Amino acid sequence: MISALLAGERPAGTQVVVKGWVRTNRSSKAGISFIQVHDGTCFDAIQVVVPNSLNNYDDEVQRLSAGCAVICTGELAESQGKGQTFEIQAETVEVIGWIDDPETYPITPKRHSFEYLRDVAHLRIRTNTFGAVARVRDCLAQATQRFFHENKYFWVHTPLISASDAEGAGELFRVSTLDMLNLPRTEEGGIDYSEDFFGKEAFLAVSGQLNVESYCQALTRVYTFGPTFRAENSNTSRHLCEFWMVEPELAFADLNDDADLAEQYLRYIFKAALEERADDMAFFAKFIDKEAVTRLEAFVESSFERLEYGDAITALERAKRKFEFPVKWGIDLQSEHERFLCEEYCKRPVVVMNYPKEIKAFYMRMNDDGKTVAAMDVLAPGMGEIIGGSQREERLGVLDERITSLGLNVDDYWWYRDLRRFGTVPHAGFGLGFDRAVCYVTGMKNIRDVIPFPRTPKHAEF
RNA sequence: UCCUCAGUAGCUCAAUUGGCAGAGCAUGCGGCUGUUAACCGCAGGGUUGUAGGUUCAAGUCCUACCUGAGGAGCCA
């Protein structure tokens, strides 16, 4: 693989084979061709130097254009030219796959807009940017698994199909096998879901949290890492209908333990990106976002500020600048407020803790003041909220009160309530939008460009 | 879903107060070169997002729709 060759794992003079795709081909009738071959294993391509003594030089090598698949053999050599340490003095160049009609190949060796490349998402991965994103995304995913494994967390595969809409997180995708042209009806004229596949209404899950809480109260330290689905009509650079989420849950823990975990986790995966994908990160810093590397380095080195929600409000009220949305105790923080807190007020990552109960979910633990719940948001400079979490309400009576006061039905939560009846313990967890984390690390501005085939309203191509 | 902006060659973009549709890159051919965002020359490439309207004349003005982007809301 090219990554091993360019890393110097084989000495010059070794006979090597390279299998990959042509990036550029500069050929000279005078007798030599320079082919950049790329196999995706690292950022750089390797230069294959082809002499015109090869018997397929005229009719094949010179016709090679961007995208052609080739297998090259030859001797690894220290490069005579500038721009690379190693190159290959080719002895054979075998063309495995031609470009059908070079004029119609969508990925040309020039800059393309990200919007254009979304229309050719099956080919955009062959570009520098999307290759780098894919490798960094993998690095962050592997680091996530490694971090939790090393800290004795178990990976729990929570279901993607949810038979109740009790999770209360916005619009859901329906899962049904009913014949839409011939729907079974109840006597009242509604749709009779008892005829449906699961015998009741079913949806794609919007979170694994409620399920993972069950495992938490038996395995102590658990997490989910998988896809999640929201049918909200959100058309922004930060939203996908299908996205990946990391949700750890730990037993015998409070909100401070939760914040500690979030801090350690983020530092761990960001450090992995800096160390393991230095080549790709250097590219992002050069062409996508000048601060991609320095921002991460600062993040990894700084400890997080912890701020009470009430203190955050006070800081915002005393700020000399004006906000578009007025500040007072009880509001949810807008992104302009979040950016101010971490970028100007604290100048480092901030954990805002203990929010008013009115703006947070029913399962978050009621504090002794009766006004706030043990919720936290981790705010990152340059992005705003990157993690949201809470200590969960472990007291059955208080949980029931919260469910009822929000107009929800306690019977819908029967198994979730059982967890509070049978050996309940204080526990806490958080959710991280994995794709947003990839944006933060790479400096990519649009979440549709950090996931392989983005699903957004009106878009499920490929 | 709301607000704003945009849609012209394969791609990225020009085109003055409404007046002959242009460039760079890419592609093909030729030349040149241990080249590397290569360079030089030539060539092909267009129903200006769609449908109407105003006008002698519309890429340009008007209406509707479609598509995309940015912002907002919702959130992760």
Side-chain angles (χ1 to χ4, degrees), chain A residues 23-37 44-51 62-63 65-67 77-84 87 89 99-120 123-124 127-128 167-171 206-209 224 227-247 286-287 324-325 332-336 338 359-361 377-378 380 383-389 430-440 445-451 456-459:
Chain A
R23 275 290 173 77
T24 62
N25 177 19
R26 295 177 293 278
S27 55
S28 160
K29 283 273 192 294
I32 203 167
S33 279
F34 301 94
I35 304 171
Q36 295 283 348
V37 179
D44 288 313
I46 195 164
Q47 175 162 279
V48 178
V49 184
V50 189
Q62 291 213 71
R63 281 175 50 222
S65 59
E78 287 178 23
S79 180
Q80 299 168 31
K82 288 174 182 171
Q84 62 276 320
E87 63 188 19
Q89 297 289 345
I99 292 297
D100 224 16
D101 174 6
E103 194 155 358
T104 63
Y105 183 56
I107 309 297
T108 59
K110 62 159 287 170
R111 284 197 184 162
H112 298 288
S113 66
F114 293 144
E115 293 84 359
Y116 163 72
L117 289 168
R118 272 173 227 149
D119 293 336
V120 286
L123 299 171
R124 69 177 182 172
T127 64
N128 280 334
E167 291 165 34
E171 297 292 311
V206 297
S207 162
Q209 184 203 312
T224 71
T228 298
F229 308 88
R230 307 241 170 125
E232 252 137 31
N233 191 11
S234 293
N235 296 289
T236 82
S237 56
R238 295 177 300 284
H239 288 85
L240 293 165
C241 298
E242 177 182 279
F243 63 98
W244 285 62
M245 195 149 60
V246 177
E247 296 175 293
K286 191 171 178 189
F287 290 107
E324 189 187 343
F325 294 88
D332 204 359
L333 298 181
Q334 302 292 322
S335 62
E336 58 171 345
E338 296 175 343
I359 58 173
K360 291 294 180 182
D377 282 348
V378 179
M383 174 170 235
E385 181 184 337
I386 191 167
I387 278 180
F430 66 76
L432 166 103
F434 184 73
D435 315 273
R436 288 185 180 177
V438 179
C439 284
Y440 188 72
K445 298 294 178 289
N446 196 312
I447 201 164
R448 295 162 201 161
D449 298 327
V450 301
I451 193 167
T456 54
K458 302 269 190 286
H459 287 288

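Letters A, B, ... are given to chains in the order of the sequence lines, protein chains preceding strands, and every chain is numbered from 1. Treat the numbers as computed from the prediction; the structure is a model and nothing was measured.
For the residue pair A/Ser207 and A/Glu247, a side-chain donor N or O sits within less than 3.5 Å of a side-chain acceptor on the partner. Counting only N and O atoms by type, the side chains of A/Thr24 and A/Gln36 include no donor and acceptor under 3.5 Å apart.
The base of B/G73 has none of its N or O atoms less than 3.5 Å from a complementary donor or acceptor on the side chain of A/Glu232. Side-chain to base pairing of A/Glu87 with B/G34: one donor and one acceptor N or O lie within less than 3.5 Å of each other. On a pure distance criterion of 3.5 Å, no polar donor-acceptor pair joins the side chain of A/His112 and the base of B/C11. Side-chain atoms of A/Thr108 stay outside donor-acceptor range of the base of B/C11, with no qualifying N/O pair under 3.5 Å. The base of B/U1 lies close enough to the side chain of A/Asn235 for a donor and an acceptor atom to sit less than 3.5 Å apart.
At whole-Å resolution of the value, CD1 in A/Ile35 and P in B/G34 are 17 Å apart. The CD atom of A/Gln62 sits 14 Å away from the C1' atom of B/G28 (whole-angstrom rounding). One atom, CD of A/Glu385, and another, P of B/C75, lie 10 Å apart when rounded to the nearest Å. Separating the CD1 atom of A/Ile107 from the C1' atom of B/U12 is a distance of 14 Å, rounded to the nearest angstrom. Per the geometry, CD1 belonging to A/Ile447 stands 12 Å off P belonging to B/G70, to the nearest Å. Taking atom CG on A/Asn25 and atom C1' on B/U33, their separation rounds to 14 Å, with Å as the unit. The CG-P distance, from A/Asn233 to B/C2, rounds to 9 Å in whole Å. The interatomic distance linking A/Leu117 (CG) with B/C11 (P) rounds to 11 Å, in whole Å.
Taking for each of A/Tyr116 and A/Thr24 the nucleotide of RNA chain B with the nearest heavy atom, the 5'-most of the two is the partner of A/Tyr116. Nearer to the 5' terminus of RNA chain B, by closest-nucleotide assignment, is the contact made by A/Gln36 (compared with the other of A/Gln36 and A/Lys458).
Within the shown strands, B/C11 is the pairing partner of B/G24 under the Watson-Crick or G-U definition, both distances less than 3.5 Å. B/G19: Watson-Crick or G-U partner is B/C56, with both key distances under 3.5 Å. Remark: B/C39 base-pairs with B/G31. Criterion, Watson-Crick or G-U wobble with two distances under 3.5 Å. Figure legend. B/A69 is base-paired to B/U4; pairs are counted as Watson-Crick or G-U wobble with both atom distances under 3.5 Å. Of the nucleotides present, B/U50 is the one that pairs with B/A64 by Watson-Crick or G-U wobble criteria, both distances under 3.5 Å.
Side-chain nitrogen and oxygen atoms of A/Arg238 include at least one within less than 4.0 Å of the OP1 or OP2 phosphate oxygen of B/A72. At the phosphate of B/A69, OP1 or OP2 sits under 4.0 Å from a side-chain N or O atom of A/Arg448. For A/Arg118, a side-chain nitrogen or oxygen approaches OP1 or OP2 of B/A69 to under 4.0 Å. Residue A/Ser234 places none of its side-chain N or O atoms closer than 4.0 Å to OP1 or OP2 of B/C75.
With a 4.5 Å cut-off on side-chain heavy atoms, A/Asn25 and A/Ser33 count as touching. No side-chain heavy atom of A/Ile32 sits less than 4.5 Å from a side-chain heavy atom of A/Val50. By the 4.5 Å heavy-atom criterion applied to side chains, A/Arg448 and A/Arg118 are counted as neighbours. Within the 4.5 Å cutoff, no side-chain heavy atoms of A/Val246 are placed close to those of A/Thr224. You'll find the side chain of A/Arg238 stays beyond 4.5 Å of the side chain of A/Lys445, heavy atoms only. Here the side chains of A/Ile387 and A/Asp377 are not in contact, with every heavy-atom distance at 4.5 Å or above. No side-chain heavy atom of A/Val378 sits less than 4.5 Å from a side-chain heavy atom of A/Leu432.
Within the 4.0 angstrom heavy-atom criterion, only backbone atoms of the sugar-phosphate kind lie near A/Ser113; the bases stay farther away. Within the nucleic acid shown, A/Ser79 comes within 4.0 Å of at least one base atom, counting heavy atoms only. Across all strands shown, A/Phe325 has heavy atoms under 4.0 Å from sugar-phosphate atoms exclusively, and none from any base. Nucleic acid contact for A/Glu247: none, since no nucleic acid atom lies under 4.0 Å from a heavy atom of the residue. In this structure, A/Ile387 reaches neither bases nor backbone, as no heavy-atom distance under 4.0 Å exists between it and the strands shown.
The separation of B/G59 from B/C20, taken at their P atoms, amounts to 10 Å, rounded to a whole angstrom. As rounded to the nearest Å, B/U12 and B/U48 have C1' atoms that lie 16 Å from one another. Spacing of P atoms, B/U54 relative to B/G70, comes out at 38 Å, to the nearest Å. Spacing between B/A64 and B/C11 at atom C1', rounded to whole Å, works out to 30 Å. Separation of the C1' atoms belonging to B/C65 and B/G22 is 30 Å when rounded to the nearest angstrom. Taking atom P on both nucleotides, B/G41 is separated from B/A6 by 36 Å, rounded to a whole Å. Taking the C1' atoms as reference points, B/U47 lies 35 Å from B/U1, given to the whole Å. Between the P atoms of B/A15 and B/C61, the separation comes to 12 Å (whole Å).
Proximity note for A/Arg26 (side chain, C-beta onward) versus B/G70, B/A38, B/A72: the nearest is B/A38. Comparing B/A72, B/G71, B/G34 against the side chain of A/Gln47 picks out B/G34 as the nearest. Nearest to the side chain of A/His239, among B/G71, B/U35, B/G73, sits B/G73. Comparing B/U27, B/A72, B/U35 against the side chain of A/Pro102 picks out B/U27 as the nearest.
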